[in-house]
Amino acid sequence: MGTSRPSRPVLLTASAAAGALVFTALTPGGAGADPRPAPRPAVRDTTPLDPPNTAAKAPKSAAARALDATATPLATGKVRGYPRERKLDAEPPNPADKSLKLGLTPYHAIAPRLNAIQRLGDRVSVEVAGRSAGGHELYLVTVTAPESAREAARQERMRRLIADAPAAAAKDKAVKSAYKTPVFINNNIHGNEWEGTDAALKLIERLAKAEDGRTRRLLAHNRLYFNVTMNPDGRIAGTRENAGGFDLNRDFVTASQPETRAVRDIAVTKQPAVMIDLHGYVNGTLIEPTTPPHGENYEYDLFLKNTYANALGMEKAVNGLGYTEAKDGVKPAVIPFRDQEEGWDDWPPVFTPQYMPFHGAVAAHTIEFPMQVNYEEYDSQPVAELRRRSAINVDIAGAAMTATLDFAERKRRSLIADQIEVFRRGAAGARQVPVSPETVPGVPGIGPEDVYTTTFPRAYVVPAGGRGGQRSAAAASRLVDHLLANDVRVRRATRDFRLGGRAYAKGSYVVDMRQPKRGLANVLLADGRDISGKVSVMYDISGWSLGRLWGASVVSVRAGDPARVESRAVSRSARVAYVAPRGDLRLRLDDPREVAALNSLLGDGVRVRSGGDGSVVVPGSARGLARAAAREYDVAFSATKARGGEVLRRTRVAAAVTPGELFALREMGFDVVPVSTAALNAGFDWRGADVLFVSAGLEYAKLTGAARAGLDAFFARGGGLVGRGAVGAAVNSAARLLPVTPVRGNADANGVVRVRNSGGPVVGGAPGASFVYAPMWFTRLGAGVRVEQAYGSGNPLVSGHWRPVDGRGGPRDAAGEAAVVSGRSGGAGVVLFGTEPLFRAHPKGAFTQVGRALLTVR
């Protein structure tokens with residue numbers, strides 16, 4: 001390992017014009033005769049709404065479906081045996097399905113095929129694991145030997161014993177001899193990486209019919225779970241993203257989309273010991289484990305041992321198919337841990353194989369098959385060539401699946417023992433075991449660059465928010481429910497207590513870190529780490545702390561015994577909904593639900609006034625409507641004697657934004673009309689908008705004269721501007737609104753940063769942390785420009801990866817500089833963000849800064 005390893009075959013570059021990080025493969029898929037680099041999809045979810053490569057332009061229905069998190073899709077309650085046959089409803093044939101051109105299975109043909117496979121025997125069961133953002137069913141197929149209801153209940157008891165009492169499970173003879181190893185194969189998470197679905201259907205059908213002893217033993221000892229297509233929206237549309245415009249393989253920390261929540265449910269209820277996630281396109285076939293940095297919250301010694309062993313088997317199977325570079329354009333398979341230096345890491349748990357280990361997967365892989373058929377190749381290559389490439393990819397995906405099943409059967413007892421050990425270490429509070437040639441024998445090249453561990457706190461406390469609606473009550477409720485949905489154990493204090501030398505009120509939440517899934521609890525609540533000095537480049541985001549970014553107070557407790565706190569286990573957070581019985585009402589705007597409640601009241605015609613400090617004043621005469629809003633959005637209205645200032649009105653937003661930002665605006669209840677350069681040039685009626693929010697897809701210089709005149713007139717008559725990043729700052733400069741000079745930092749820098757807030761209406765009471773990607777700050781502030789938020793002093797980066805380029809653009813250059821500014825230009829109010837407060841529906845505690853800005857600039 002070390003510097004002797006070959007350089008990684010990928011390069012990350014930044015597109016300043018789009019504010020996006022573009023991933024370009026230097027070893028592209030496709031015909032071997034064409035050595036030119038082929039562009040890969042953007043790593044960041046910052047594509048504007050109008051290009052053809054964005055799924056379905058994020059319809060309102062997709063946002064509504066994603067925000068409805070009330071349903072539990074997989075069956076709970078009484079355990080049923082196997083098979084569990086279910087006749088699936090077929091969708092009407094769709095000749096526009098992009099799979100058809102590749103000779104692959106269109107979505108509408110999957111249900112009939114699964115129905116037919118179920119009729120072949122008694123091994124195949126199908127459940128509907130949920131619905132996509134676009135409304136399509138998600139099919140979870142289970143393949144195993146038949147089980148009576150009694151046997152299925154016994155398997156479930158053993159699964160729970162492993163997760164809940166791992167020390168006892170390690171000694172249980174039945175677990176060792178009779179527990180079926182769960183294996184999960186996830187397909188088509190990126191909609192335009194199709195072939196895993198077809199390989200899975202072929203394998204399921206073969207397993208349903210095979211009568212050989214090897215198959216019988218496999219199904220007697222294992223349960224095989226196939227998510228046939230995780231992203232039917234993108235499969236149909238030929239897009240990476242789902243119908244909401246989200247890259248689902250970036251969503252596992254926040255689980256903002258229904259497809260991600262369905263897989264999270266599979267992780268919790270099925271508890272896979274082995275999983276693979278099928279992707280494209282990297283030539284040669286890329287098979288994880290990855291390069292450094294490695295996630296510091298894993299039991300990485302157990303993970304690397306098994307993931308590397310399975311990778312070797314998959315490599316042998318893929319290369320054994322006989323495809324060659326000279327004959328077919330297929331290069332030999334690559335295992336990044338062994339073959340590359342950096343740039344394909346497992347640091348952020350936003351990807352499926354980096355999330356699954358926290359639920360017990362001790363072998364988890366991304367597989368990237370080699371032959372590119374998406375994007376420009378889809379449009380430019382002859383159909384025959386596309387189908388040739390797709391057929392090769394299906395073969396390779398099938399080889400990886402078959403090798404994984406062989407591995408699971410061969411190592412099933414040791415895999416379950418290692419899964420138990422992961423949970424046992426968590427429950428016992430045991431130290432992690434650093435990887436080394438001694439602790440992980442058989443894995444070559446382990447060096448100090450591969451050692452990433454952390455020190456877990458003894459507990460976390462989420463202090464109680466007050467009934468009167470003081471800051472963070474709604475945010476605390478949201479965070480606790482998210483922890484519980486991720487199978488993290490949470491208790492609620494039944495009386496006042498002290499822990500780690502600090503006093504807490506009754507009703508505070510306690511997360512004892514001696515629990516089986518402590519790794520996931522720490523992922524969600526810890527600050528994280530600044531890894532800028534560890535590697536030169538990262539594949540994706542490097543910081544994600546929900547403890548810092550969701551707006552709730554979270555305290556890391558290093559000493560004391562949380563088990564002595566008088567408390568009870570909770571299955572959901574306490575409801576926040578409250579309306580003071582008398583007087584006028586105060587609603588803080590610290591959580592997206594509170595902004596949504598405000599927008600609901602404004603929509604009902606309530607005369608709400610700004611509180612000037614991040615709150616609003618609601619007249620007591622609207623108490624009935626406030627009660628309805630409190631119930632619907634689970635927020636609190638306290639009593640106030642303040643009169644408030646400016647009367648607020650419902651804000652209509654013209655938004656040139658990314659799909660994630662559009663989703664966040666809709667979550668906060670704003671009336672949003674997506675716009676772009678093309679939309680304005682086609683003629684846009686500005687009378688239907690109060691504010692322009694711009695971050696992507698709108699270039700002032702490319703507007704026609706009429707479109708530019710219309711936009712200038714909108715600002716002149718008092719239309720507001722909220723801008724984010726380089727595109728927002730460029731529109732501000734071109735329209736000659738706020739006199740500031742934007743300064744760009746390193747374009748691929750990202751992470752959690754410390755900030756210093758003013759007390760004004762935009763950021764008053766906001767968290768002391770925000771999120772950045774391609775950070776920006778503002779200098780040479782003209783008259784009337786107000787600094788709403790500044791980067792912290794020294795090095796403001798809390799966790800993430802932010803390095804200077806040629807000595808400039810680093811975090812110390814940003815220290816103390818203006819991160820968010822506001823002011824007025826003529827009649828137009830302006831707020832500009834150098835941070836990224838709506839990134840991927842992620843930093844919930846910063847959402848309201850944009851919400852408040854939209855309400856105040858008009």
Side-chain angles (χ1 to χ4, degrees), residues 27 29 104-105 141 143 181-190 193-207 214-215 218 222 224-230 249 272-290 303 306-324 328-340 344 346 351-354 356 361-373 389-412 415:
T27 54
L104 298 173
T105 307
V141 175
V143 185
T181 304
V183 180
F184 178 51
I185 297 177
N186 196 47
N187 300 287
N188 203 200
I189 187 171
H190 291 145
E193 297 166 10
W194 290 268
E195 292 91 343
T197 295
D198 289 77
L201 290 169
K202 285 186 174 184
L203 179 56
I204 292 165
E205 186 168 4
R206 178 166 65 79
L207 293 171
R214 185 178 177 184
T215 300
L218 174 71
N222 303 270
L224 315 179
Y225 300 103
F226 296 84
N227 192 10
V228 177
T229 169
M230 185 177 169
N249 206 39
V274 179
M275 72 84 55
I276 59 175
D277 203 33
L278 281 302
H279 290 254
Y281 301 92
V282 176
N283 196 0
T285 302
L286 184 145
I287 304 171
E288 290 183 345
T290 71
F303 179 84
N306 293 296
T307 302
Y308 189 79
N310 191 32
L312 291 177
M314 287 190 280
E315 177 186 45
K316 181 179 179 180
V318 167
N319 290 344
L321 291 172
Y323 295 114
T324 68
D328 309 292
V330 177
K331 297 180 181 181
V334 171
I335 299 175
F337 184 92
R338 181 192 67 196
D339 300 331
Q340 299 177 356
W344 191 283
D346 61 15
F351 317 117
T352 323
Q354 278 64 52
M356 283 287 176
V362 292
H365 310 256
T366 290
I367 315 298
E368 298 267 354
F369 21 78
M371 307 299 283
Q372 187 177 354
V373 296
R389 295 184 185 185
S390 288
I392 291 172
N393 289 335
V394 171
D395 280 354
I396 287 174
M401 292 177 189
T402 301
T404 295
L405 300 188
D406 290 344
F407 172 76
E409 168 59 12
R410 191 171 65 254
K411 297 289 188 180
R412 61 189 180 85
L415 288 166

Does Arg410 have more than 12 heavy atoms from other residues, nucleotides or ligands lying within 6.0 Å of its CZ? yes
Of the non-hydrogen atoms in Ala333 and Val318, which two are nearest, and what is the gap between them? CB-CG1, 4.5 Å
Beyond-backbone contact of Asn222 with Leu405, side-chain heavy atoms, under 4.5 angstrom: no
Using modelled atom types only, decide if a donor and an acceptor are shared between the side chain of Asn283 and the backbone of Lys331 within a distance under 3.5 Å. yes
Does a side-chain heavy-atom distance below 4.5 Å link Trp194 with Ser390? no
Is there side-chain contact between Thr402 and Arg206, with heavy atoms separated by less than 4.5 Å? yes
Hey, which of Asn249, Thr366, Asn227 is the one that makes side-chain hydrogen bond (donor to acceptor under 3.5 Å, both in side chains) with Thr352? Asn249
To the nearest 0.5 Å, what is the distance between CZ (Phe226) and CG (Leu207)? 6.0 Å
Quick check for you: to the nearest 0.5 Å, what is the distance between Met371 atom CE and Tyr323 atom OH? 9.5 Å
Which heavy-atom pair separates Ala403 from Asn310 by the least distance, and what is that distance? O-OD1, 3.9 Å
Using atom types as modelled and distance alone, determine if a side-chain donor or acceptor of Glu193 lies under 3.5 Å from a backbone N or O of His279. no
Is any side-chain heavy atom of Lys202 less than 4.5 Å from a side-chain heavy atom of Met401? no
Does any non-hydrogen side-chain atom of Leu321 lie less than 4.5 Å from one of Val330? no
Just do the side-chain hydrogen bond (donor to acceptor under 3.5 Å, both in side chains) check on Asn187 and Thr197 with the steps written out, would you? CA-CA 6 Å; Asn187 300 287; Thr197 295; 5.5 Å; no
Work out which heavy atom in Thr307 is nearest to a heavy atom in Glu288; give both atom names and the distance. CG2-O, 3.9 Å
Any side-chain to backbone donor/acceptor pair from Asn306 onto Leu415? Under 3.5 Å, distance only. no
Minimum heavy-atom separation for Tyr281 and Glu195, please, with both atom names. OH-OE1, 2.8 Å
Can you list every salt bridge (Lys or Arg N to Asp or Glu O under 4.0 Å) pair that touches residues 272-287, not counting sequence neighbours? none
Please find the pair of heavy atoms, one from Val183 and one from Ala408, that lie closest to each other, and give the distance. CG2-CB, 3.5 Å
If you define the side chain from C-beta out and look only at heavy atoms, does anything of Ile185 sit under 4.5 Å from Thr404? no
Is Pro370 close to Asn393 at the side-chain level, that is, under 4.5 Å between some pair of heavy atoms? yes
Looking only at heavy atoms, the pair that brings Asn319 and Pro332 closest together is OD1-CA, 3.7 Å
